[in-house]
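Bear in mind that the values here come from a model prediction, so they are computed numbers and not experimental data.
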Amino acid sequence: MTNGRRGEGLWRGGSCASPPIGKAGHEGTSPCKPVGWESDQVPGAGPFCASDADVQGEALPGQARLCGAARAPPHLHVPPRQGPPGGQGWSLSAGGAERAIAKHEVREIEQRHTVDSSRSDVVPDEDENVVIIYNRVPKTASTSFTNIAYDLCARNKYHVLHINTTKNNPVMSLQDQVRFVKNVTSWKEMKPGFYHGHISFLDFAKFGVKKKPVYINVIRDPIERLVSYYYFLRFGDDYRPGLRRRKQGDKKTFDECVAAGGSDCAPEKLWLQIPFFCGHSSECWNVGSRWALEQAKYNLINEYFLVGVTEELEDFIMLLEAALPRFFRGATELYRTGKKSHLRKTTEKKLPTKETIAKLQQSEIWKMENEFYEFALEQFQFVRAHAVREKDGELYILAQNFFYEKIYPKSN
């Protein structure tokens, strides 16, 4: 049992068509290879191949630079690419080759989907149409968890897609919100689908959608999350150790930053988990808004299927496997006994002193973010308490605990 302590373009598509190039030492650990299209082909969309170096979370192996012109989902008109002036055709550059490969992979998925849909032994449509959205909060073990989804997608037969917003902006424009909702609900070839990305909550109901996606998320002790992000920007992690980070070269510790009143460790930087759950309203991003806190709590209870905490990630995975086996069958065993290629750690991280923590805890912003964290933790532990039992230090999922009786009218 994990410790129950308190407190530790438009997108890229990912398919299970072929194995990707993994990180050094773990080549082929994930069976999924992302595919996508260039957003300069989509009217109104921003650049697709934005750098991932400064994102608070990060892209996965094989994702960061694979930018293709694969077939766009429904409702996104992609105009044909015209040749240069003078009637000369395009040469098959390296970028063109990548686009051709990506386009072929998406076509392959769509053809396979057509064949599978004609079979008599396929999973019922209800399971096949499920879409999960993991609007991952940065530096909450989100990449570690997402890699489990990538490791399982071929075996469990679903698609994984990375939502990569321009400049890592968690707030979509109104027109992109419409595009995204239409894509998620209408792109049949990518169902069942697991979408993940650093975006704030988006209410599909306001767009007239009848069947909403299933939202899940993980949050973390707010100070621990900020400390992790602070050192990540300077030293990176063991996941992509060669990537140059935005603050690389800055040797100042988190304690020294707080003592000097630096901007990278200011209390305002704590304000992230609340707006991610609050959503796309302007007040959500008003630092210190009590309304945003209450809306985030409301959404957590009413719009999210399950929200876990970083400090109890294994229990979160166990509950997901029990409740959503279509996606997470085998996830707990993978997490416990696998090669742990999905785990990552920020390097050079130094724990803050008690004095530093006490100084941040004086902030009203910390008090609100911590209130939200405590609220989420209590809800998660409540769900867990009604779903598992402990025996000899291990957790076991409860079997079905209800049945039907007194069924009328009686059959003849």
Report the distance from atom [atom1] of [X] to atom [atom2] of [Y], rounding to the nearest 0.5 Å.
X: I163; Y: N183; atom1: CD1; atom2: CG; value: 10.0 Å
X: F375; Y: F277; atom1: CZ; atom2: CZ; value: 10.5 Å
X: D221; Y: E374; atom1: CG; atom2: CD; value: 8.5 Å
X: H280; Y: S173; atom1: NE2; atom2: OG; value: 8.5 Å
X: I274; Y: C284; atom1: CD1; atom2: SG; value: 10.0 Å
X: Q295; Y: E303; atom1: CD; atom2: CD; value: 8.5 Å

Backbone of [Y] reached by a side-chain donor or acceptor of [X] within 3.5 Å:
X: R220; Y: P138; answer: no
X: T310; Y: T140; answer: yes
X: E321; Y: G330; answer: yes
X: K188; Y: N129; answer: no
X: Y158; Y: V130; answer: no
X: E369; Y: P222; answer: no

Pair T143-R136, side chain to side chain contact (heavy atoms under 4.5 Å, CB included): steps then yes or no: CA-CA 9 Å; T143 300; R136 34 195 286 210; 2.8 Å; yes
With a 4.5 Å cut-off on side-chain heavy atoms, are [Y] and [X] touching?
X: C153; Y: F194; answer: no
X: L272; Y: R225; answer: yes
X: E364; Y: K367; answer: yes
X: F328; Y: I132; answer: yes
X: W366; Y: L226; answer: no
X: F327; Y: N156; answer: no
X: P213; Y: Y195; answer: no
X: Q381; Y: D315; answer: no

Criterion ring pair (Phe, Tyr, Trp, His ring centres under 6.0 Å) on Y215 and Y304, from CA distance to verdict: CA-CA 5 Å; Y215 269 95; Y304 281 80; 5.3 Å; yes
Under 30°, 30 to 60°, or over 60°: which ring-plane class applies to [X] and [Y], parallel, tilted or perpendicular?
X: H198; Y: F276; result: perpendicular
X: F254; Y: Y231; result: tilted
X: H162; Y: H196; result: parallel

The single option from Y150, Y335, Y134 passing ring-ring contact (aromatic ring centres under 6.0 Å, His included) against F145: Y134
What closest approach, in Å, do [X] and [Y] show between heavy atoms, and which atom pair accounts for it?
X: P352; Y: I357; result: CG-CG1, 3.9 Å
X: L395; Y: R336; result: O-NH2, 4.5 Å
X: C278; Y: F201; result: O-CD2, 4.3 Å
X: L319; Y: A387; result: CD2-CB, 3.6 Å
X: T165; Y: I199; result: CG2-CG2, 3.7 Å
X: A323; Y: F305; result: CB-CZ, 3.6 Å

Contact list for residues 286-298, test salt bridge (charged side-chain N to carboxylate O under 4.0 Å, His left out), sequence neighbours left out: R290-E294, R290-E371, E294-K297, K297-E371
Derivation of the side chain to side chain contact (heavy atoms under 4.5 Å, CB included) call for W291 and N286: CA-CA 9 Å; W291 180 89; N286 184 3; over 6 Å; no
Cation over ring face, K139 and F232, 6.0 Å, 45°: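 Yes; both conditions hold, so K139 lies above the ring face of F232.
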For [X], I'd like to know if atom [atom1] has over 12 heavy atoms of other residues, nucleotides or ligands within 6.0 Å.
X: F207; atom1: CZ; answer: yes
X: L351; atom1: CG; answer: no
X: N401; atom1: CG; answer: no
X: Q361; atom1: CD; answer: yes

Member of V287, I365, N370 meeting the side-chain contact (heavy atoms from CB on, under 4.5 Å) criterion with L270: I365
Residues E312 and R384 bridged, charged N to O under 4.0 Å: yes
Full working for side chain to side chain contact (heavy atoms under 4.5 Å, CB included) between V307 and Q379: CA-CA 8 Å; V307 176; Q379 174 64 14; over 6 Å; no
From CA spacing to verdict: side chain to side chain contact (heavy atoms under 4.5 Å, CB included), V131, K191: CA-CA 7 Å; V131 172; K191 292 180 180 179; 4.0 Å; yes
